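Values below: every heavy atom of this structure, side chains too, minus hydrogens, waters and symmetry copies. The structure displayed is predicted, hence computed values, not measured ones. As the structure lists them, so they are numbered: ligands from 1, and atoms in each ligand from 1.
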Amino acid sequence: MTSSLSPVTETVTLVPDANWWRQATFYQIYPRSFADANGDGIGDLRGIITRVPYLRQLGVDAVWLSPFYPSALADGGYDVDDYRDVDPRIGTLAEFDEMVTALHEAGIRIMVDIVPNHSSDRHVWFQEALAAPAGSPARERYIFRDGAGADGELPPTDWQSIFGGPAWTRVPDGQWYLHLFAKEQPDFNWDNDEVRADFRTTLRFWSDRGVDGFRVDAAHGLVKDLTEPLPSAAQMSATNVPGRNRLFDRDEVHDIYADWRRVFDQYTPPRIAVAEAWTDTAERRARYASPEGLGQAFNFDLLQAGFDAVQFRRIITENLALAAASGSSTTWVLSNHDVVRHPTRYGLIAGSAPGEAAEAAEAVDTAIMQVGGREWLLAGGPEDQLDRARGIRRARAATLLELALPGSAYLYQGEELGLHEVSEIPDDARQDPAFFRNKGVEVGRDGCRVPLPWTRGGSSFGFGDAGAHLPQPAWFADVSVEAEEADPDSTLSLYRAALRLRRELESEESLEWIETGRDDVLHFRRPNGWESITNFGTAPAPLPAGRVVLASAPGVRDLRGELPGETTVWLTPEG
Ligand code: GLC
Ligand code: CA
C-alpha cells in the first residue's frame, strides 16, 4: 500500500514495491460512465483526470480501468477493435499518458483491462480473416469451421454463447466462426503463435506507458480443445472433468500466463495481473493466482453469497487458506460491472443468494440473468419488493467487513455512494447484448452501468454537460457526491473513513476468529489487534471491549455496549 494519505495537492512518489498490490484497495472505473469532460454523454479520460482528487480523497490505492479501446460497443467495450489505442470518443494516447501521470502523482496506481479471449469483429485481423479464403493463415488466428448438415448449413455444434443464442455465426462463404460471447466477439485461436506474440506486444505497450498491471478478462477461456468429433453441449457437461473441459479452464492455459509472467517480470516493480476466471472449484481458481502465472485471481464467492454469516465465514476461511497455499493474497469483491449492485441484492425481500434465485424471481417478478454460467437476480420488479434502506444498511455492514479482511479489495465505481441498481431503464435505452440476445429473459447489466451522479442537479447530475448515455433516475440527486459529501452519515463518508483507517491499521495477512456464541455474528481479529465484528441478524448483540473506531450503521453515535442488527463495527485495543 501507498503511504498514508497526504494533502490532496502534494505530489506523491510511488516507491517501487513489488508487493504493493497484496492488500491494496482497487477502484474499478467503467470509463464511459464515470465522468464526461467534453459533454458528449460518454465518460472520458479527461473526466477521469479531473476526478483524480476525488479518488485520492476517497483513499484508494489503485484504479482498475475497464476497456477504453476503440470499440463498436457491442459489449460495452469488451469487444476490442485495437488493443493498442484509445477509443477516440474516450480520449487519445496522449491523454492516457496524462492520466497515468496524474494518478501516479496522487499515489494511485493503474491497472488496465485486457481482453484476450476474443477481439471485436472489426479488429483488422478479423476483417482480414473474412476477406481470406477458408484454410488461410488469416482464418487461423480465429476459430473457423465448416458447418454440419448436407451443405454445411448447420452450425458445427449446438453450443450456446454465454449471452444466449448460438456460439457460431456463419460468414458469406459458408464457414462458421466461434464466439463464446456476442457474435461481434470472435474467439481467438490461442494455438496460433501470431496471437500469442501480439498479446505480448500489447502487454509491453501498456507496461512501457507506465501501467502497473492488468485485469485479465475471461482468463479461463483462451485455450480450447477442438479436436474432432466435437461433442454436443450435453455431452460436454455430462463428461466435464475440471482441467479437461473442451472450452474452459484447461490446464494448458497456464502456459500462456507463465509466458506473460516473463514479460511482467521485466519491469520494476513487476507488472501485476488479476484473473477473471470462472472455474468449477475454488482450488482451480487459485491456480491463476500462482506467482509463476498471473499472480492474483478474483474471488467472487462473497459476491455470490447472500447476506449470511455462515456463508461469509466459510468463504473467508476457505479463501485465506487458498491464498496462503498459492502464495498470493486473496481478493474480495461485492460489486462490479457485471452484477446487480450489492445494496440491491441485499435488499430484495425474497432473498439474494443464487440458490434462492428462482424462488425470489418468481416472488418479486424480477429477471434472472446468467453471466459466466451463474445466475443473478436482477431488480426490475415492483419497488415494494425491494427494501432500499435495508439493502444499504446490509451493504454498508458487508463492505466494512470486507475492508477489514486480509488481502485486496476491489470496489466498483458508485458503490462508495451506496448506489442501488437502476431498474427503471426503458427497453429502447438498454445497451447490454445479454438483454438483446435473451429478449424477455434477461434485463442485462445496464442497471449497474448508469453514469455516476456527481451533483444534486444540473444536466446529468454533473456527469457531463449534456445527457448521459444511459438514463439516470431522479433519486440520483440524493446519492450524488455533492449530497453525500455534505453528510457525515453518508455512505461516501463511511467509505472515506474506512479507507483511511484501513491504511492506518494495515496488518499482516491473516486473521483469527473470535467465537461469539451466535451463528449470525462474525468477529475476527487481525494480528495487530484490529477487530471487526458484524451482526448479520436483526437482534442486537453484545459489543466486545475495545475502542470503537468505525461503525457501518448511519447515525450511530453511542453504541452503549450494543452491536445493532445488520451492522459492522471496527475496534482497536483500548488505551
Ligand atoms: C467478462 C467481462 C464482461 C464481458 C465478458 C466478455 O466477463 O467482465 O463484462 O461481457 O467478459 O468479454
Ligand atoms: Ca465525453
Side-chain angles (χ1 to χ4, degrees), residues 28-51 64-69 71-81 83 86-92 95 112-121 123 161-164 167 179-188 214-222 247-248 274-279 297-298 300 303 333 335-340 369-374 376 410 412 431-438 442 444-449 451-452 459-460 462-469:
Q28 181 188 358
I29 291 184
Y30 194 75
R32 290 175 183 81
S33 300
F34 185 67
D36 170 21
N38 67 353
D40 64 354
I42 298 170
D44 42 46
L45 300 186
R46 179 66 55 202
I48 298 173
I49 294 168
T50 62
R51 302 296 176 178
W64 148 27
L65 187 62
S66 279
F68 50 89
Y69 312 104
S71 169
L73 304 184
D75 180 21
Y78 285 89
D79 46 322
V80 179
D81 295 352
Y83 290 86
V86 176
D87 187 332
R89 288 167 294 184
I90 286 192
T92 61
E95 281 172 324
V112 298
D113 223 306
I114 184 129
V115 190
N117 182 69
H118 44 265
S119 70
S120 85
D121 59 352
H123 191 285
S161 113
I162 287 166
F163 293 149
H179 52 90
L180 296 181
F181 294 90
K183 73 169 186 353
E184 295 86 356
Q185 294 168 296
D187 280 50
F188 277 120
F214 300 88
R215 178 263 187 189
V216 184
D217 187 70
H220 58 309
L222 283 63
L247 301 177
F248 294 110
V274 60
E276 183 217 21
W278 295 92
T279 57
F298 282 129
F300 294 124
L303 168 155
V333 190
S335 280
N336 65 30
H337 67 298
D338 287 332
V339 303
V340 176
M369 81 174 288
Q370 298 262 355
V371 176
R374 320 275 145 160
W376 304 101
Y410 284 81
Y412 177 51
Q431 300 174 8
D432 185 359
F435 172 74
F436 298 108
R437 294 179 65 92
N438 286 285
E442 292 191 3
R445 300 162 294 179
D446 296 314
C448 64
R449 300 175 177 181
L452 290 191
S459 129
S460 65
F463 166 69
D465 288 339
H469 65 94

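Taking a cut-off of under 4.0 Å to the non-hydrogen atoms of Asp338, the atoms of ligand 1 that pass are 2 (C), 3 (C), 7 (O), 8 (O), 9 (O). Proximity to Arg215 (heavy-atom distance under 4.0 Å) selects the following atoms of ligand 1: 2 (C), 8 (O). Near Arg445, with a cut-off below 4.0 Å to any heavy atom, the atoms of ligand 1 are 3 (C), 4 (C), 9 (O), 10 (O). Atoms of ligand 1 lying under 4.0 Å from at least one heavy atom of His118, given by number and element, are 6 (C), 12 (O).
For atom 2 (C) of ligand 1, the choice among Asn336, Val216, Asp432, Asp217 with the nearest heavy atom turns out to be Asp217.
For Asn38, the side-chain contact (heavy atoms from CB on, under 4.5 Å) partners at least two apart in sequence or on another chain are Asp36, Asp40, Asp44. With sequence neighbours excluded, the residues that form a side-chain contact (heavy atoms from CB on, under 4.5 Å) with Ala74 are Asp79, Glu184. Looking at residues two or more places apart in sequence or on another chain, you find a ring-ring contact (aromatic ring centres under 6.0 Å, His included) between His123 and Tyr83, Trp125.
Taking the six-membered ring where tryptophan is involved, the planes of Trp64 and His337 are perpendicular, since the angle between them exceeds 60° and thus also 30°.
Within the 4.5 Å cutoff, side-chain heavy atoms of Gln431 are placed close to those of His469. A 4.5 Å side-chain heavy-atom check between Gln185 and Phe163 finds at least one atom pair inside the cut-off.
By the criterion of a separation under 3.0 Å, the protein N/O/S atoms near the Ca ion (ligand 2) amount to Asp36 OD1, Asn38 OD1, Asp40 OD1, Ile42 O, Asp44 OD2.
Of the N or O atoms in Trp278, none lie within a sub-3.5 Å distance of an N or O in ligand 1.
For the residue pair Ser71 / Asp87, no side-chain donor-acceptor distance below 3.5 Å is found, with atom types taken as modelled.
A salt bridge links Asp338 and Arg449; the closest N-O separation between the charged side-chain nitrogens and carboxylate oxygens is under 4.0 Å.
Contact annotation: for Arg449 versus ligand 1, heavy atoms closer than 4.0 Å belong to the side chain alone.
Ring centroids of Tyr410 and Phe298 are separated by less than 6.0 Å, placing the two rings close together.
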